[in-house]
Amino acid sequence: MDESHPQLFKKVADHIVELETLESFWPQALSNILWACATAKESHPQLFRKVADHIVAFDNFRPFTPQALANIVWAFATADESHPKLFRKVSDHIVALDNLRTFKPQSIANTVWAFATAKESNPKLFRKLSNHIAALDNLRTFKSQELSNIAWAYATAEESRPLLFKKVADHVAALDNLRPFTPQALANIVWAYATAEEPHTRLFRKVSDHIVALDNLRPFMPQNLSNIAWAYATAGESHPELYRKVSDHI
């Protein structure tokens, strides 16, 4: 098959758009299609609109798993495709649930990241998810990127949830080390706390000590270092060794 990936995506997307109905597609299939297009960075507005219009026509979202819902809104946010009605229907569904026990960390993180990135404000959704996280016994099942994305999303959406921020910060500060955190994740997490005006000296100290102990800062992009320096200055968290390390690298 000689077709390139862009041609393949376009051919499949065009075929779906031309269908009279999407009734034969399972919810998971719809989620996978959107996720694949967004991940491959294949823009096709008509496909996204066709699938979203079909999804919002569902009587309810019980056939959709939490991961499928998270992937759908993540795909729209990642592809920069707007569909407020879809985001509203997803949020209404989640808010109406009795509990979020079936939501895994990745689903939670992707959902709040998507709503924040798409600038779809929904305080009830953010409150429901933050209350769920704050009530957990611990955050051991959350990966470093998920913790960073959650903090970033709440700060970006200007959703003040002190219990959530404290829960995440306490967990990160208590970790043996921060090796699983990428430079972007480290930058995002301190940026989030400074932006949300959520003080947590132990978190800032943990991050700065980790950075200072690194052999070099080559993996850090200039934007990472800029955001880190901004966060420490904004939060009033003084750490001369961190500033020295960053300035020596620059």
Side chains of [X] and [Y]: closer than 4.5 Å at any heavy-atom pair?
X    : Y    : answer
V207 : F181 : no
I33  : I16  : yes
S130 : E159 : no
S144 : T182 : no
L22  : F25  : yes

**Q.** Test side-chain contact (heavy atoms from CB on, under 4.5 Å) applied to T111 and L69, step by step
**A.** CA-CA 8 Å; T111 298; L69 291 175; 5.9 Å; no
Q. Out of Y193, F204, W191, which residue meets the ring pair (Phe, Tyr, Trp, His ring centres under 6.0 Å) rule with Y232?
A.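 Result for ring pair (Phe, Tyr, Trp, His ring centres under 6.0 Å) with Y232: F204.
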Q | Among F64, F87, F61, ring pair (Phe, Tyr, Trp, His ring centres under 6.0 Å) partner for H93 | A |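 Single pass found, and it is F61.
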Q: Evaluate salt bridge (charged side-chain N to carboxylate O under 4.0 Å, His left out) for K85 paired with D53, printing each intermediate quantity in order.
A: CA-CA 9 Å; K85 194 172 182 180; D53 288 346; over 6 Å; no
Under a 3.5 Å distance rule, please check whether [X] uses its side chain to pair with a backbone N or O of [Y] as donor and acceptor.
X    : Y    : result
E146 : K143 : yes
K245 : L217 : no
S226 : P222 : no
N32  : A29  : no
S91  : R88  : yes

State, without any angle test, whether [X] and [Y] hold a side-chain donor-acceptor pair at a distance under 3.5 Å.
X    : Y    : answer
E237 : T201 : yes
H239 : R205 : yes
H132 : N99  : no

Under 6.0 Å from the [atom1] atom of [X], do we count more than 12 heavy atoms belonging to anything else shown?
X    : atom1 : answer
K128 : NZ    : yes
Q46  : CD    : yes
K50  : NZ    : yes
Q28  : CD    : yes

Q.
Using side-chain contact (heavy atoms from CB on, under 4.5 Å), reason through V246 and I228 one step at a time and then give a plain yes or no.
A. CA-CA 9 Å; V246 172; I228 289 169; 5.5 Å; no
Q | K124/D92 salt bridge by N-O under 4.0 Å criterion | A |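 Between K124 and D92 there is no salt bridge, as every charged N stays at least 4.0 Å from the carboxylate O atoms.
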Q: Might you point out which heavy atoms bring V56 and H83 nearest each other, and give the distance in Å?
A: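 Minimum heavy-atom separation between V56 and H83: CG1-CE1, 4.1 Å.
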Q. Minimum heavy-atom separation for P183 to N224, with atom names?
A.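 Smallest heavy-atom distance, with atoms named: CB-OD1, 3.7 Å.
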(Q) Holding to side-chain hydrogen bond (donor to acceptor under 3.5 Å, both in side chains), I want the full list of residues that pass it with E241, two or more places apart in sequence or in another chain. (A)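 Counting only residues at least two positions away or on another chain, E241 forms no side-chain hydrogen bond (donor to acceptor under 3.5 Å, both in side chains).
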Q) Are V212 and I250 joined in one hydrophobic group, where the rule is that I, L, V, M, F, W and Y side chains link up if heavy atoms are under 4.5 Å apart? A)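 Both belong to a single hydrophobic cluster.
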